[in-house]
Amino acid sequence: ANGQQQYCEHAQEYNRPGFAPEIIWHEDQVYKLPDSLSLKEGCLLEPMSIIIRMMDKANMKCGQRVLVSGGGPIGQLAVQTFKMYGATSLTISEPIAERRELALATGADYAIDPINENFIDRCMEITDGRGFDVVLDCSGSVHCVRDLLDAAANAGTVIYGAQYPNEYEMPFNISTYCYFKELTITGVFVAPYAYPRALQMLPRLNLEALTSKVFELDDGVEAFAEQLTGKYPKILVRCNPDID
C-alpha cells in the first residue's frame with residue numbers, strides 16, 4: 001500500500017536461481033530493451049536501477065559536493081549520473097588505478113587513492129575543509145566504512161549502498177554524527193519501481209568501458225578469476241554465442 005514492494009514478507013523465500021538454464025518470471029518483472037540498447041548494455045540495467053534508487057535517497061541538489069567510494073560498476077555509473085545532477089568537487093575514492101582513471105575520464109573532478117593517500121586529509125583539501133554534502137558508498141569495504149562519516153559535511157547525507165557481511169557492526173558515536181553533525185544516514189535494499197527510469201538513463205551514459213570485457217560461457221571459471229583481479233570494473237559472460 002505504501003509502494004514498498006521490497007519489503008514483501010516472502011522476499012527471501014526463493015532459491016536464487018541465477019545460474020539456472022531457464023528462469024520463469026511474471027510479465028510485470030520483465031522489461032523490453034529499447035532498440036537503441038545492445039544486449040551487453042542491457043546487462044547494466046539492474047546496476048542502473050540501484051543508482052536510480054540511490055539518487056532518490058540522496059535528494060541531490062545542483063551544486064552539492066559529492067564523494068563516491070568504490071569504483072566498481074555501480075560506482076562508475078554513479079559518477080556519471082551525479083555529474084548530470086550538477087555535482088561539484090565530484091570525487092571517486094578507489095584503490096585500483098585503472099578504475100580511478102576511468103572515473104576521471106567520465107566525469108569525476110578528483111580521485112583519491114585510499115591506500116597511498118590520507119583519505120580524510122584529501123577529502124578536506126578537495127572541499128576546502130567543509131566535507132562532502134553527499135557521500136555514496138559503493139565499495140562494501142569495512143576498511144573505509146567508518147571514515148565516510150568523517151568525510152561528510154555538516155547536515156550531509158551518507159548512503160551505504162554496498163553490501164556488507166551480515167555480522168559486521170560499525171562503532172557509531174551518536175553525539176558526534178547525529179547531534180553535532182546532524183547527518184542523514186541511510187542505505188538501500190533493492191530498487192522498487194526503478195527499472196523504467198533506468199531504461200531511460202542507460203542510453204545517455206558512457207557504457208563502453210563497462211561492456212568491453214566479455215567471456216564466453218565455457219570460459220566462466222576464467223571470468224570469475226579475472227573479476228578477482230579488479231582489472232576490469234565489469235565483466236560479462238555471453239550465454240548465447242549467436243548474440244553479440
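Only this structure's heavy atoms are used, side chains among them; waters, hydrogens and symmetry mates stay out.
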### Query
Is there a donor-acceptor contact under 3.5 Å from the side chain of Glu182 to the main chain of Tyr179?
no

#### Entry: Salt-bridge criterion met for Arg238 and Glu216 (N-O under 4.0 Å)
yes

### Query
Any side-chain heavy atom of Val158 within less than 4.5 Å of one from Leu149?
yes

### Query
What pairs meet the salt bridge (Lys or Arg N to Asp or Glu O under 4.0 Å) rule with one or both residues in residues 128-142, with sequence neighbours excluded?
Asp128-Arg130

### Task
Verify, without hydrogens or angle tests, whether Asn206 (side chain) and Glu208 (backbone) share a donor-acceptor contact under 3.5 angstrom.
yes

### Query
Tell me, do Leu77 and Leu205 make a side-chain contact under 4.5 Å, heavy atoms counted?
yes

### Summary
Heavy-atom closest pair (Leu199 atom, Pro34 atom, distance to 0.1 Å) is CD2-CD, 3.7 Å

For a quick test of your reading: what N or O donor-acceptor pairs under 3.5 Å do the side chains of residues 227-235 make, sequence neighbours left out?
from   : atom 1 : to     : atom 2 : distance (Å)
Thr229 : OG1    : Glu226 : O      : 2.6
Thr229 : OG1    : Lys231 : N      : 3.3

### Query
Would a 4.5 Å heavy-atom cut-off, applied to side chains only, mark Asn118 and Arg122 as touching?
no

### Task
Please examine the side chains of Leu210 and Leu236, heavy atoms only from C-beta on, and report whether any two atoms are closer than 4.5 Å.
no

### Query
Do NZ/NE/NH1/NH2 and the carboxylate oxygens of Arg197 and Asp56 come within less than 4.0 Å?
yes

### Side-chain heavy atoms of Phe82 within contact of Leu136, under 4.5 Å
yes

### Backbone of Pro95 reached by a side-chain donor or acceptor of Arg100 within 3.5 Å
yes

### Query
Are side-chain heavy atoms of Cys123 and Phe132 found at a separation under 4.5 Å?
yes

### Query
Quick one: do Arg99 and Asp113 make a salt bridge, cutoff under 4.0 Å?
no

Which donor-acceptor pairs under 3.5 Å do the side chains of residues 167-175 make with protein atoms, sequence neighbours left out?
from   : atom 1 : to     : atom 2 : distance (Å)
Asn173 : OD1    : Ser175 : N      : 3.1
Asn173 : OD1    : Thr176 : N      : 2.8
Asn173 : OD1    : Thr176 : OG1    : 3.2

### Message
Within a 6.0 Å radius of atom CG on Asn166, are there more than 12 heavy atoms belonging to other residues, nucleotides or ligands?
### Response
no

### Task
Could you check if a side-chain atom of Lys57 sits within less than 4.5 angstrom of a side-chain atom of Arg53, using non-hydrogen atoms only?
yes

### Message
Within the structure provided, determine whether Ile51 and Ile74 are in side-chain contact (heavy-atom separation under 4.5 Å).
### Response
yes

### Query
Side-chain heavy atoms under 4.5 angstrom apart, residues restricted to Ile, Leu, Val, Met, Phe, Trp, Tyr: same cluster for Val79 and Ile50?
yes

